[in-house]
Amino acid sequence: MQKRDFLSLLKEDLAGLVLAVLIGLMGYGAKLIMQSPIADPLLVAMVMGIVVRTATGGSTRLRPGFTVAPMIFIPLGIGFYAANNLNFVKFAKVQTSIISILIVVIFVYFAVILLLGKLLGQKKQITYLTATGSAICGASAIAITSPAVEAEPDDISISLLSVALAALVGLFIILPFCATLLGITDRNYSLLSASVLQFTGFVKAAVGSAAFLSTDTPVRDLMSLALSVKAVRYLGLLIAIPLFASLVRKKLYIPWILWFFLGCGLLGTWVYSSNETFYTETLTPLIRPIYDVSWSIAMAAIGLNVDARELLSNNGTKALIMAFTGFFAATATFFIGLYIFVIR
Amino acid sequence: MAGEASTQKSSLRNNLMVFFFLIIIIWGILITEFFQYVLQETLSGTGLDEAVIKKITVNFTTLSTGVTIAGTLIVLVIALLLSKTITDPIKKLIDGVAEVAKGNFSTRIEVTSQDELGQLARGFNHMTNQLEELLYRIEAAKKYTDNIVTTIPSILIVLDSRMNVLSTNMDSDKLKNGTPSIGLLQFVEPLKDEIKACLETGEIQNKEIALNTEGAETPLVFSAAVSQIELEEEIGVLLTITDITEQKLAQERIKASLKEKEVLLKEVHHRVKNNLQVISSLLSLQAGYVNDKQALELFKESQNRVRSMAIIHERLYQSKDLGRIDFRGYVRDLADNLFRSYGVDSGRIMLNVNVDNVFLGVDMAIPCGLIVNELVSNSLKYAFPEGRKGEIRIDLFPEGEKNLVLIVKDNGIGFPEELDFRNTETLGLQLVNTLTEQVGGTITLSREGGTMFKIVLPN
């Protein structure tokens with residue numbers, strides 16, 4: 001194949017790239033305007049992308065740009081995300097009992113979704129992305145894992161929408177129902193949210209609305225606890241990425257993205273250990289918008305590349321069943337773990 | 001097709017379920033959140049104890065989320081049942097179509113509803129009825145054609161344009177004479193040029209060949225006709241090869257029989273001629289004992305008449321065609337005989353015979369011969385008295401498609417005016433009239449420049 005020069009490539013990709021960047025920025029802008037923890041910029045950008053694509057019918061001229069955008073912006077976001085969230089010092093501070101519950105919850109999430117994927121005959125990529133998005137950290141985990149499992153835009157959008165819907169139902173219906181029915185404390189509710197809810201924003205929203213439960217702990221402390229527990233789930237990526245990348249290729253495979261993710265995480269941990277104030281007050285507010293914007297652009301491009309009819313396909317229904325079942329199983333597991341490790 | 005139906009990418013039922021689920025869950029979330037907000041706003045202004053407010057809030061949350069969960073489950077069950085009533089008939093139709101696609105035209109769908117799906121199912125059943133009937137007719141027609149093709153005593157071979165054999169009805173019984181089954185190419189190879197010509201011109205080609213099989217030759221007649229190849233747009237050739245051994249044998253038998261009859265007929269004509277010759281000779285011998293001149297004349301005339309018939313039989317058995325004689329040669333022989341019989345010098349009376357290439361059957365030749373005999377005899381006897389010179393002319397030619405014209409003319413003294421040739425007492429002219437009438441002809445006499453009898457005979 002004849003190699004094309006950089007300028008011709010840029011010319012070919014530019015229009016699609018610019019549109020993806022615009023929609024990504026709008027998704028991030030929506031988060032800033034709405035000031036709501038559940039307005040996840042990645043989810044908003046992807047939904048906007050799908051809406052634009054469905055409304056305009058999708059231009060083949062723009063497609064090269066939509067394909068290139070995730071290839072640029074996902075790895076960029078991964079680096080900054082790892083530096084901000086893969087903090088090994090913080091992980092070490094989490095209680096062993098909570099880590100134990102988390103490990104079991106993550107395991108149940110993976111086991112149930114993988115098993116259902118197998119039973120329902122789901123496409124591998126969708127199964128792996130749904131499992132990672134549900135068990136670890138929603139849209140971010142899907143964004144990080146997608147290049148490693150060679151996912152297509154349809155796989156990413158189906159997985160992300162299914163996980164988001166399960167998270168939405170979990171946040172507003174399932175968790176409040178379980179919490180009030182079983183009469184758990186606001187601390188345990190925070191732990192529950194941090195352990196089973198998929199999106200970090202949703203965890204924040206859940207903890208923020210936990211005030212109707214017992215008020216033993218201030219909301220600020222609850223939030224800190226929940227976010228530190230949620231952060232531990234990011235470690236799951238260190239297992240999920242090589243595991244699913246190898247399963248897709250049917251051979252042991254450790255993608256470079258994992259080393260990059262780990263390296264940036266270690267770098268962030270080192271900065272945190274050296275200067276916690278700088279890390280917390282300067283670095284975090286600086287790099288957080290970078291990965292949010294990067295991934296919003298990538299998700300917008302993915303949304304722009306998605307055929308909305310795919311979301312109503314059998315694969316979409318199966319992904320929905322997998323995400324919901326995984327969520328119910330994980331919630332039940334958490335309550336069992338809570339009973340074993342904390343209440344008893 | 002059935003497999004496709006079950007592994008399809010998207011199904012109506014799934015879509016309906018997901019749709020109902022999304023609607024109810026979003027509705028539940030909105031209602032729950034709205035009522036919680038209203039409740040909190042209402043309770044916060046009542047001045048109730050915070051613990052009581054929390055208890056009410058918790059209970060309400062449990063209740064509202066519980067109702068949403070229960071509502072979702074109920075709606076899902078209803079959606080499941082509802083979608084089943086919609087998708088089950090569609091599934092039946094899909095399965096039915098899959099069966100038809102597999103060729104099972106007896107497939108029918110049970111119809112109970114009167115709605116659009118019911119109409120569709122009834123339409124489907126009607127369609128399969130029609131298809132089944134059509135198939136039955138096609139199968140019957142095929143069976144009928146197959147029967148003809150297999151029982152026909154010819155070999156049929158269908159070739160494509162590259163002369164590949166596509167189908168044949170050939171088996172060992174097709175060739176008579178116990179000829180064993182022969183490879184198809186043996187038939188095709190000798191006929192390549194004809195097949196090619198048939199393909200190029202589109203015209204039917206026929207050829208007779210002899211196929212050498214195990215030392216014996218089998219005569220075959222083949223015809224090649226351009227034919228549409230079954231279910232394809234390509235044009236091919238239909239070869240029909242028929243064993244004509246039986247026909248050939250029958251033909252040879254007929255030929256032999258004909259030959260035999262020909263020989264017999266010649267023999268008959270020969271014997272008749274001989275017998276007539278004998279009669280003529282007897283008359284001649286008998287005339288030797290007659291002194292009366294008139295009686296002698298009568299003998300001579302009779303002898304000439306017999307002789308005129310004998311010449312016909314002589315010419316018949318000598319000719320290749322036993323049914324007809326060449327009348328020109330006959331007339332010349334007859335005239336020569338009469339000239340000899342009456343001792344006429346051909347220098348004094350010239351004979352001019354102008355007969356076209358006319359062939360007459362025995363039925364016509366004998367009366368014509370006798371007529372010519374009588375008229376020429378009359379001319380020789382009466383037209384040129386006292387050694388006059390002159391000419392006798394005999395013409396015979398076709399007039400139109402239906403008639404022959406015979407003219408016997410002399411430039412002698414002319415037929416006596418007072419004599420009516422139709423009512424004479426002479427036997428010669430009576431014979432002429434009778435024979436002309438017998439063969440359906442007409443006779444006219446002209447006395448201009450001599451005597452001319454014109455006789456028109458039906459050909």
Side-chain angles (χ1 to χ4, degrees), chain A residues 36 38 47 120-123 126 154 158 161-162 164-186 189 202 205-206 208-216 307-325 327-328 331, chain B residues 3-37 39-41 43-44 50-73 75-76 79-80 83 87:
Chain A
S36 166
I38 62 164
V47 171
L120 296 172
Q122 177 64 289
K123 192 179 173 189
I126 296 175
D154 288 343
I158 287 172
L161 286 177
S162 304
L165 199 66
L168 209 63
V169 173
L171 171 65
F172 289 107
I173 310 285
I174 308 295
L175 294 195
F177 176 73
C178 293
T180 53
L181 189 71
L182 298 172
I184 63 171
T185 63
D186 51 1
Y189 188 71
F202 282 33
S209 65
F212 64 91
L213 299 167
S214 64
T215 51
D216 296 342
D307 183 352
R309 287 170 301 185
E310 284 295 318
L311 305 177
L312 284 173
S313 67
N314 283 353
N315 283 344
T317 313
K318 287 174 193 169
L320 212 56
I321 293 168
M322 287 155 63
F324 271 89
T325 314
F327 179 77
F328 290 135
T331 306
Chain B
E4 278 174 35
S6 61
T7 58
Q8 61 195 325
K9 217 176 174 192
S10 172
S11 76
L12 181 64
R13 197 168 189 179
N14 280 350
N15 292 349
L16 281 171
M17 293 296 290
V18 171
F19 176 74
F20 281 120
F21 176 70
L22 290 178
I23 294 291
I24 191 66
I25 211 71
I26 291 167
W27 177 248
I29 289 169
L30 290 175
I31 288 291
T32 307
E33 288 301 298
F34 176 71
F35 279 116
Q36 276 183 1
Y37 172 76
L39 185 72
Q40 276 180 352
E41 288 294 308
L43 290 175
S44 61
E50 203 176 318
V52 175
I53 292 173
K54 276 199 173 176
K55 190 158 181 64
I56 292 169
T57 310
V58 165
N59 285 343
F60 179 79
T61 305
T62 312
L63 186 68
S64 61
T65 51
V67 166
T68 304
I69 292 167
T72 307
L73 292 174
V75 167
L76 279 178
L80 192 71
S83 65
T87 56

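We name chains A, B, ... by the order of the sequence lines, and we start the count at 1 in each one. What you see below is based on every heavy atom in this structure, not just the backbone, and it leaves out hydrogens, waters and symmetry mates.
A side-chain donor-acceptor contact under 3.5 Å links Lys318(A) to the backbone of Leu120(A).
In this structure, CZ in Phe172(A) is found 14.0 Å from CD1 in Ile31(B), a value given to the nearest 0.5 Å. Atoms CD1 and OG1, on Ile69(B) and Thr62(B) in that order, are 10.0 Å from each other to the nearest 0.5 Å. How far CG of Asn315(A) is from CD1 of Ile158(A): 5.5 Å, rounded to the nearest 0.5 Å.
The side-chain hydrogen bond (donor to acceptor under 3.5 Å, both in side chains) check on Ser64(B) picks up nothing, with sequence neighbours excluded.
Listed by sequence position, Phe21(B), Leu22(B), Ile25(B) are the residues of residues 19-26 of chain B in contact with chain A, using a 4.5 angstrom heavy-atom cutoff.
Only the side chain of Leu320(A) has a heavy atom closer than 4.5 Å to any heavy atom of chain B.
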**Report entry** Worked check of side chain to side chain donor-acceptor pair (under 3.5 Å) between Thr68(B) and Thr32(B)
**Finding:** CA-CA 8 Å; Thr68(B) 304; Thr32(B) 307; 3.1 Å; yes
